[in-house]
Amino acid sequence: MSQNIERSIRDLREMDTLASGDSPLHKVSAGVKLLVTVVYILVVVSFDKFNMSGLMFMLLYPALLFAVSGIPVSTCFYKLRFVLPLVCAVGIFNPILDRTPAFEIGSFVVTTGMISMITLLMKGVFCLMASFLLVASTRIEALCAVLRKIHVPSMLVTLLLLTFRYAAVLAEEANVMTQAYSLRAPGQKGIHYKAWGSFLGQLLLRSIDRADELYSSMLLRGYHGEFYYAQAGGGSIRDVLYAVFWCALFIAARCVNFTQLLGTSVMR
Amino acid sequence: MIRFENVTFAYEKGKPVLSGVSFAIGEGETVGLIGANGAGKSTVMKLLLGLAGPGAGNKGVSGTAEGKILVDGEEVSPRNLTQIRRKLGFVLQNSDNQMFMPTVWEDMLFGLLNYGMPQQEAEQRAGQVLKELGQEKLKGLYNHKISGGEKRMAAVATVLAMDPEVLLMDEPTSALDPYNRRIIINTIRKLPCTKVITSHDLDMIYDTCGRVILLSEGRIAADGPAETILRDRDLLEANRMELPLRFQ
Ligand SMILES: Nc1ncnc2c1ncn2[C@@H]1O[C@H](COP(=O)(O)OP(=O)(O)OP(=O)(O)O)[C@@H](O)[C@H]1O
Ligand SMILES: [Mg+2]
């Protein structure tokens with residue numbers, strides 16, 4: 001149990017560590033990255049559900065970003081391990097509901113239902129990867145700063161920031177408490193059910209206290225819902241080029257099937 | 001600079017933590033606030049900062065207070081809290097709760113940037129403070145990957161970077177090794193600002209403070225020169241404390 005909690009603390013902290021990296025991607029301003037991510041997701045989602053080959057091209061974006069940023073792809077899939085099955089489950093009934101044959105590979109009939117399932121799956125995974133890349137290459141404070149800039153209410157943004165920080169505090173407290181418990185209950189696996197009530201109550205109180213003190217500590221140093229310390233940035237030529245390049249490419253890819261184009265020109 | 005006028009405070013109704021506390025601390029004075037565990041030392045600091053009592057709105061978890069608390073002639077209240085807090089620097093008893101940014105360096109910049117200092121100037125200031133404290137190695141480190149004592153030094157650094165008019169330190173030397181403890185003592189002695197320091201480390205108090213206020217169960221048991229109070233064995237022992245080691 002204690003090990004589980006420790007792992008989730010590491011998970012949370014690791015996002016911080018990833019986000020404070022120093023690659024070209026990290027240097028792109030948060031606002032531009034947010035914009036490109038949103039456009040990417042919109043374009044990916046808008047693809048026709050049978051247009052698998054066209055969608056394939058959109059893999060270029062996450063693939064390139066993973067390569068440039070040095071963020072390991074494995075970390076992405078490891079962190080998303082709980083969400084991925086859900087995404088996969090979404091299209092699971094398509095092959096059963098839609099059995100119109102599309103084409104044959106040998107004697108195996110591929111139905112349009114299968115294609116739409118795979119397309120849906122790809123859409124889900126692509127969007128998750130893009131969101132992950134955004135969070136893993138951008139500091140939470142910088143993201144909050146951008147949200148403030150586009151006039152998301154400061155209440156909501158503070159809430160987001162504190163949730164992010166509170167999760168770590170909660171996990172740390174849980175860790176300390178399970179360690180303290182197991183030191184005084186040798187040979188016990190986990191926590192005895194009789195202690196659950198007081199354990200949870202105590203955990204809640206302690207982490208609220210700590211979160212409260214942390215928040216006071218922010219207030220004492222002048223925090224009032226604005227993020228002067230995180231540069232929302234934006235406006236450098238490089239940032240503009242980055243945004244224009246990707247958005248143009250996404251939209252072009254939506255209109256022209258590059259995968260097919262590439263395929264036919266190679267064949268010729 | 002700081003004034004408590006007949007302050008009575010209770011976190012929970014009917015259980016006063018401070019009763020009828022009055023004292024005044026002048027500009028540039030360094031005062032040691034001592035007393036047994038639970039005497040109310042941290043509470044005095046929270047009241048000053050508006051983390052409890054009138055400054056926090058005097059309701060709910062913030063407890064109920066009577067009397068007046070003044071900082072630089074202004075009464076601590078929700079209305080002028082921002083100005084008052086700007087003047088105060090607070091080193092928390094528990095450094096874990098003080099640092100909230102991923103790295104020590106960002107934590108140091110946080111306050112400066114919030115108060116509108118330009119990035120470059122803030123970095124210069126923070127770098128200088130780390131150097132003065134001999135803690136340059138902390139600069140790139142993550143807050144969750146440093147030891148308890150290092151965290152304490154980092155917490156002190158974040159507060160000193162703000163260059164406060166009044167420095168409130170709750171147990172600044174707990175968890176520190178002798179070398180870092182000495183650095184803190186020397187730093188306190190060098191700083192010209194008003195300082196209020198609580199500690200059970202009476203040798204440190206003797207080294208840094210000219211005046212001592214002794215709290216006992218929420219009342220002031222003694223208030224006077226460190227030289228007299230810290231040498232008074234009977235007074236200290238009556239209040240669950242001992243003479244500083246050097247006088248034993
Ligand atoms: N949030 C709170 N709610 C209720 N009671 C509290 C709260 N914080 C402190 N107290 C009570 O107030 C009293 C004084 O606490 P305080 O933290 O000021 O003591 P202290 O002098 O700083 O002690 P220490 O030397 O242990 O740090 C304690 O008896 C404690 O039980
Ligand atoms: Mg205390």
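Each chain gets a letter, A, B and so on, in the order the sequences are listed, and its residues count up from 1.
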**OP:** Give a yes or no on whether B:Gln128 atom CD has more than 12 heavy-atom contacts from other residues, nucleotides or ligands under 6.0 Å away.
**Re:** yes

Original post:
Who wins among B:Thr158, B:Leu112, B:Thr103 for the most heavy-atom pairs under 4.5 Å with chain A?
Top reply: B:Thr158

Original post:
Above 12 or not: heavy atoms from other molecules or residues under 6.0 Å from CD of B:Glu5?
Top reply: yes

**OP:** May I have the step-by-step check of side chain to side chain contact (heavy atoms under 4.5 Å, CB included) for A:Leu220 and B:Leu51, ending in yes or no?
**Re:** CA-CA 9 Å; A:Leu220 290 180; B:Leu51 293 177; 4.2 Å; yes

**OP:** For atom CZ of B:Arg3, decide whether the heavy atoms of other residues, nucleotides or ligands shown that lie under 6.0 angstrom number more than 12.
**Re:** no

Subject >> Crowding at CD, B:Gln120 (>12 non-hydrogen neighbours, <6.0 Å) >> reply: no

**OP:** Spell out, as yes or no, whether a donor-acceptor pair under 3.5 Å connects the side chain of A:Arg221 to the backbone of B:Tyr115.
**Re:** no

Original post:
Looking at CD of B:Gln98 and OG of A:Ser216, how far apart are the two atoms once the value is rounded to the nearest 0.5 Å?
Top reply: 10.5 Å

Original post:
Is the number of heavy atoms from other residues, nucleotides or ligands within 6.0 Å of CD (B:Glu74) greater than 12?
Top reply: yes

Original post:
Side chains of B:Phe110 and A:Glu141: closer than 4.5 Å at any heavy-atom pair?
Top reply: no

Subject >> OG on A:Ser217 to CG on B:Asn97, rounded to 0.5 Å >> reply: 8.0 Å

Subject >> More than 12 heavy atoms of other groups within 6.0 Å of B:Lys131 NZ >> reply: no

Subject >> Step-by-step side chain to side chain contact (heavy atoms under 4.5 Å, CB included) determination, B:Phe100 to A:Tyr215 >> reply: CA-CA 9 Å; B:Phe100 44 80; A:Tyr215 184 57; over 6 Å; no

Original post:
Roughly how far, to the nearest 0.5 Å, is CG of B:Asp96 from CZ of A:Arg210?
Top reply: 5.0 Å

